[in-house]
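When a ligand or atom number is given, it counts from 1 through the structure's own listing order.
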Amino acid sequence: MSDSDQDFLARRRTLRRSLRARRRALSAGQRRQASQRLGRHLAAHPSLRHARRIALYLPNDGEIDPGSLLQYRRGHRWQFFLPVLDPVYPGLLRFAPWRPGQPMARNRFGIPEPALRGRRPAEWTLDVILMPLVAFDDAGQRLGMGGGFYDRTLAKLKARPRHPQLLGTAYQFQRVERLEAAEWDIPMDSVVTD
Ligand SMILES: Nc1nc2c(c(=O)[nH]1)N(C=O)[C@@H](CNc1ccc(C(=O)N[C@@H](CCC(=O)O)C(=O)O)cc1)CN2
Ligand SMILES: Nc1ncnc2c1ncn2[C@@H]1O[C@H](COP(=O)(O)OP(=O)(O)OP(=O)(O)O)[C@@H](O)[C@H]1O
């Protein structure tokens, strides 16, 4: 690896660490308020108005909670999905149907996943994927937790004629001037914040 590659990775690591710490430092009240605002903004987003199949996530490590979107279900035909670590292909995600209150089992990161997985749809049939961000910029570049799970999973979708709208969700303070893209990074269609 060249020196500049090493610098690139070191800068990403530093940025990840500081934004993750900032997000974890929010109080319960701040989180709740931000989640409410995010829910309102998501419900008003054009991509969600006609969406049927929506992938959310359950917040981990201080991530902004997209769950407030559920308050706006009336009048929509939304079906929700959650990411699950692919049991067969390491490093890939699948999306399992989910309803609030369903039995869950924790994955190896401690994040709950639907225990009864049911049929997992092909990723390209989802209308919207909400993606948790660590950092983002105005060009739609994103920095996640560093596992490359979303990038690997979405890379497979590029060849499809139809693919989900990729909406990042984050606190406003996670916006940075410019993120250097890695060659494997898949840009988002837009970002929704609190
Ligand atoms: N809420 C949520 N769900 C998600 C993701 C996510 O980023 N957020 N993922 C998106 O990819 C997948 C899980 N990826 C993750 C990658 C790293 C860590 C994490 O906490 N890493 C720790 C080290 C933990 C360990 O190795 O045991 C760390 O970096 O401190 C968590 C989830 C699927 N589900
Ligand atoms: N399409 C891909 N094929 C193979 N490896 C990949 C692919 N995309 C990403 N990776 C690997 O995943 C690792 C983490 O990537 P990166 O730091 O961009 O993660 P991230 O975008 O923060 O995480 P996530 O996508 O889970 O939110 C990198 O080391 C990279 O080599």
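- Nearest protein heavy-atom contact of atom 2 (C) of ligand 2 is Arg152 CG, 3.5 Å.
- The closest side-chain heavy-atom distance from Gln165 to Ile129 is not below 4.5 Å.
- In this structure the side chain of Phe109 reaches within 4.5 angstrom of the side chain of Leu85, judged on heavy atoms.
- Both tests hold for Arg22 against Phe173: distance to the six-membered ring centre under 6.0 Å, angle to the ring axis within 45°.
- Within 6.0 Å of CG on Asp5 lie more than 12 heavy atoms contributed by other residues, nucleotides or ligands.
- Closest to atom 23 (O) of ligand 2, if we only count protein heavy atoms, is Gly148 N, 3.0 Å.
- Atoms NZ and CH2, on Lys156 and Trp124 in that order, are 12.5 Å from each other to the nearest 0.5 Å.
- Of the protein's non-hydrogen atoms, Phe149 N, 2.8 Å is the one closest to atom 26 (O) of ligand 2.
- Residue Gly146 places a heavy atom less than 4.0 Å from ligand 2.
- Remark: the Thr193 side chain and the Arg175 side chain contain no N/O donor-acceptor pair separated by less than 3.5 Å.
- Within ligand 2, the atoms closer than 4.0 Å to a non-hydrogen atom of Arg12 are 16 (P), 17 (O), 18 (O), numbered from 1 in the order shown.
- Note: the hydrophobic cluster containing Leu42 also contains Tyr72 (ILVMFWY, side chain heavy atoms under 4.5 Å, direct or indirect links).
- Between Thr169 and Met131, the closest side-chain pair of non-hydrogen atoms is not below 4.5 Å.
- Contacts between Val134 and ligand 2, counted as non-hydrogen atom pairs separated by less than 4.0 Å, are absent for every part of the residue.
- At a threshold of 4.5 Å between non-hydrogen side-chain atoms, the residues Arg11 and Thr14 do not count as touching.
- Close contacts between ligand 2 and Asp185 involve ligand atoms 18 (O) [criterion: under 4.0 Å to a heavy atom].
- Residue Leu143 places no N or O, backbone or side chain, under 3.5 Å from any N or O of ligand 2.
- Residue, atom and distance of the protein heavy atom nearest to atom 21 (O) of ligand 2 are Asp151 OD2, 2.9 Å.
- Taking atom 17 (O) of ligand 2 as the reference point, the nearest protein heavy-atom neighbour is Arg16 NH2, 2.9 Å.
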Working for side-chain contact (heavy atoms from CB on, under 4.5 Å), residues Gln36 and Gln71 | CA-CA 9 Å; Gln36 288 297 336; Gln71 296 165 6; 3.1 Å; yes
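- Considering only non-hydrogen protein atoms, atom 28 (C) of ligand 2 sits nearest to Trp184 CZ2, 3.6 Å.
- Of all protein heavy atoms, the one closest to atom 24 (P) of ligand 2 is Arg142 NH2, 3.3 Å.
- Proximity to Ala155 (heavy-atom distance under 4.0 Å) selects the following atoms of ligand 2: 1 (N).
- Side-chain contact between Glu123 and Leu154 is absent, with no heavy-atom pair separated by less than 4.5 Å.
- At least one side-chain heavy atom of Leu48 sits less than 4.5 Å from a side-chain heavy atom of Ile54.
- By the 30° and 60° cut-offs, the orientation of the rings of Trp78 relative to His76 is parallel.
- Heavy-atom separations between Met131 and ligand 2 are all 4.0 Å or longer.
- Near ligand 1, residues Arg20, Tyr57, Leu58, Asn60, Glu63, Pro83, Leu93, Phe109, Ile111, Pro132, Met145, Phe149, Tyr150 come within 4.0 angstrom through at least one heavy atom.
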